[in-house]
Chemist: 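Quick one: structure below, then a few questions.
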Number of protein chains: 2
Amino acid sequence: MALAYALLSSLLVDGSQSGYDVVKCFDEQISCYWRATHQQVYKELREMEKKGWTCSETIAQTQRPNKTVYSITDLGRQELTAWVLQPSQPTAIREELMAKLKSGFLVPPTALIAELARRQQIHQAGLNALKAMEATDFPTVFTAGAKSLSYEARLYHLALRRGIRYESEWVEWCEEAIQAIGDYQQ
Amino acid sequence: MALAYALLSSLLVDGSQSGYDVVKCFDEQISCYWRATHQQVYKELREMEKKGWTCSETIAQTQRPNKTVYSITDLGRQELTAWVLQPSQPTAIREELMAKLKSGFLVPPTALIAELARRQQIHQAGLNALKAMEATDFPTVFTAGAKSLSYEARLYHLALRRGIRYESEWVEWCEEAIQAIGDYQQ
DNA sequence: CGTGCCATGTAAAGCGTTACATGATTCA
DNA sequence: TGAATCATGTAACGCTTTACATGGCACG
């Protein structure tokens with residue numbers, strides 16, 4: 001369900017787009033809070049068109065495959081607004097690594113430490129990417145503060161901040177866990 | 001897939017259990033990193049028995065429905081160990097609230113603030129619950145430090161710490177977001 | 001007398017991942 | 001010449017959620 005609305009918001013904020021563009025936008029920007037494959041995106045855009053939430057236009061291109069460019073309709077905008085107004089539940093957490101930790105005594109501590117270090121690197125890389133996004137998309141934040149942003153930009157910046165906090169928290173926890181397990185070696 | 005292993009680790013660490021017990025254990029303890037409905041749990045336990053990862057015994061009860069109590073087998077333990085040794089990918093993030101924020105300019109700021117305050121309360125409650133769990137299950141941490149724990153307990157404590165950090169981060173971010181949106185009201 | 005706990009299940013629908021498929025262009 | 005980008009799709013499978021179903025006991 002929520003994917004449909006995430007797509008609508010992309011069409012609304014970033015303008016009319018082809019499925020391909022939306023996927024790219026998801027990979028680049030939206031990935032800090034939502035993920036979708038191209039198969040899902042194309043399917044959902046077609047289904048929303050049936051419901052009248054989007055409309056499409058085919059753009060003929062030479063030297064490139066033709067595009068189907070989707071736009072949000074008034075009905076789509078209404079649906080999106082109604083959805084935004086609804087309360088949202090926290091996402092159910094599903095963290096494989098924590099499940100592995102519970103049975104972690106089955107394997108050598110060094111194996112756990114290696115895995116935690118690997119995860120720490122992944123989250124550090126994610127953090128760096130998000131910080132780079134912040135520097136690119138919101139440069140004024142660093143000089144004039146977040147209050148310099150427009151309301152719309154500020155809202156999006158808050159989502160980015162959530163991503164940054166999330167990845168930072170992961171990096172810190174990995175550090176804590178590596179230290180802790182180190183205490184039990186020899 | 002991962003559900004199966006989470007169940008095995010519950011059987012291994014917490015001992016033999018009925019499906020019902022496992023579900024309760026998931027609701028109470030495991031919910032900070034995994035969630036499953038009773039339908040999933042019962043199904044998975046039966047499937048693992050077919051594979052020989054678990055074995056079961058029916059306990060007749062008067063005044064209560066009979067139970068099927070599952071135990072982990074040697075094969076199950078081997079499979080679990082092999083799984084723990086495999087690298088695990090970070091969970092894909094799917095955060096509805098962030099998607100709503102991106103289209104948040106469609107609704108009055110007060111609506112956003114109300115929703116953020118509601119979410120903050122939810123995460124604060126989650127945080128309190130996890131801290132209470134820490135106090136109950138690991139009382140020595142507060143007096144003698146985390147190093148007083150056995151290796152097994154320490155590993156589980158680390159998972160709990162991750163939950164605590166996660167909920168704390170949410171509460172803080174909600175605060176930040178409420179403040180930020182407040183800046184744009186008159 | 002109603003609510004909630006104990007204890008287990010079936011069935012259907014929805015959502016998400018993975019694999020497979022095409023075919024031209026651009027860049028190293 | 002091989003890889004990456006543009007652009008869109010089908011199909012199968014598996015996981016997750018939601019709804020429906022049963023039936024006794026205990027507690028207020």
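What's counted below: heavy atoms across the whole structure, side chains too, no hydrogens, waters or symmetry copies. Letters A, B, ... mirror the listed sequences (proteins, then strands); counts begin at 1.
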Chemist: When the distance from CG of A:Leu3 to C1' of C:dT17 is rounded to whole Å, what number comes out?
Modeler: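 To the nearest whole Å, that distance equals 13 Å.
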Chemist: Reckon B:Gln40 has a side-chain N or O less than 4.0 Å from the OP1 or OP2 of D:dC15?
Modeler: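 It does not, given that no N or O in the side chain of B:Gln40 lies less than 4.0 Å from OP1 or OP2 of D:dC15.
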Chemist: Please determine whether a side-chain nitrogen or oxygen atom of B:Lys24 lies at a distance below 4.0 Å from atom OP1 or OP2 of C:dC5.
Modeler: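 No.
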Chemist: Return the value, rounded to whole Å, for the distance between atom CZ of B:Phe26 and atom P of D:dT16.
Modeler: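 Rounded to whole Å, this separation is 11 Å.
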Chemist: How close or far is atom P of D:dT8 from atom CD of A:Glu44, stated in whole angstroms?
Modeler: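 After rounding, the gap between these two atoms is 16 Å.
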Chemist: Rounded to whole Å, how long is the line connecting atom CD of A:Glu47 with atom P of D:dT10?
Modeler: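 After rounding, the reported distance stands at 11 Å.
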Chemist: Please tell me whether B:Tyr5 and B:Trp53 form a close aromatic pair, meaning their ring centres lie under 6.0 Å apart.
Modeler: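 When the ring centroids of B:Tyr5 and B:Trp53 are compared, they turn out to be within the sub-6.0 Å range.
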Chemist: Counting only side-chain heavy atoms from C-beta out, which of C:dT25, D:dG24, D:dT17 sits nearest to B:Arg64?
Modeler: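 Of C:dT25, D:dG24, D:dT17, D:dG24 is nearest to the side chain of B:Arg64.
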Chemist: Base, sugar-phosphate, or nothing for B:Arg35, non-hydrogen atoms under 4.0 angstrom?
Modeler: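 It contacts nothing in the nucleic acid.
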Chemist: Does the ring of A:Trp170 carry A:Arg119 above it, NZ/CZ under 6.0 angstrom from centre and within 45° of its axis?
Modeler: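 Checked: cation-pi criterion met.
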Chemist: Quick check against the 3.5 Å criterion: does A:Lys67 have a side-chain atom that pairs as donor or acceptor with the backbone of A:Tyr20?
Modeler: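 Looks like no, no N/O pair under 3.5 Å.
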Chemist: Given axes from five pairs at either end, by how many degrees does the helix from C:dC1-D:dG28 to C:dA28-D:dT1 bend, rounded to 10°?
Modeler: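 For the helix from C:dC1-D:dG28 to C:dA28-D:dT1, the axes at opposite ends meet at about 50°.
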Chemist: Check the pair A:Lys102 / B:Glu152 against salt bridge (Lys or Arg N to Asp or Glu O under 4.0 Å), numbers first and verdict last.
Modeler: CA-CA 8 Å; A:Lys102 193 175 180 176; B:Glu152 200 177 316; over 6 Å; no
Chemist: Verify whether the ring centers belonging to A:Tyr151 and B:Phe105 lie closer than 6.0 Å.
Modeler: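 Distance test on ring centres: not under 6.0 Å, no.
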Chemist: If every non-hydrogen atom of A:Leu155 is compared with every non-hydrogen atom of B:Gly104, which pair is closest and at what distance?
Modeler: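 Closest approach of A:Leu155 to B:Gly104, heavy atoms only: CD1-C, 3.7 Å.
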Chemist: Taking atom C1' of D:dA12 as reference, at what distance in whole Å does atom NZ of A:Lys43 sit?
Modeler: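 Taking atom C1' of D:dA12 as the reference, NZ of A:Lys43 is at 13 Å.
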Chemist: Less than 4.0 angstrom from a charged side-chain N to a carboxylate O is my criterion; do A:Lys51 and A:Glu47 meet it?
Modeler: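 So A:Lys51 does not pair with A:Glu47 through a salt bridge.
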Chemist: Quick check: does any side chain N or O of A:Lys100 sit under 3.5 Å from a backbone N or O of B:Gln86, one acting as donor and the other as acceptor?
Modeler: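 At least one qualifying donor-acceptor pair exists.
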Chemist: In whole angstrom, give the distance that lies between atom CG of A:Leu7 and atom C1' of C:dC15.
Modeler: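 Distance, rounded to whole Å: 14 Å.
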Chemist: Scan nucleotides 8-14 of chain C nucleotide by nucleotide, 5' to 3', and note B when protein non-hydrogen atoms come under 4.0 Å of the base, S if they reach only the sugar-phosphate, - if neither.
Modeler: BBB----
Chemist: Starting at atom CD of A:Glu49, determine the distance to atom P of D:dT8, rounded to an integer number of angstrom.
Modeler: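 Interatomic distance, CD of A:Glu49 to P of D:dT8: 12 Å.
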Chemist: Would you mind reading off the distance between B:Asp27 atom CG and C:dG4 atom C1', rounded to a whole angstrom?
Modeler: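 In whole Å, C:dG4 C1' and B:Asp27 CG are 15 Å from each other.
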Chemist: Which heavy atom of B:Ser88 sits nearest a heavy atom of A:Arg118, and at what distance?
Modeler: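 Closest heavy-atom pair between B:Ser88 and A:Arg118: O-NH2, 3.0 Å.
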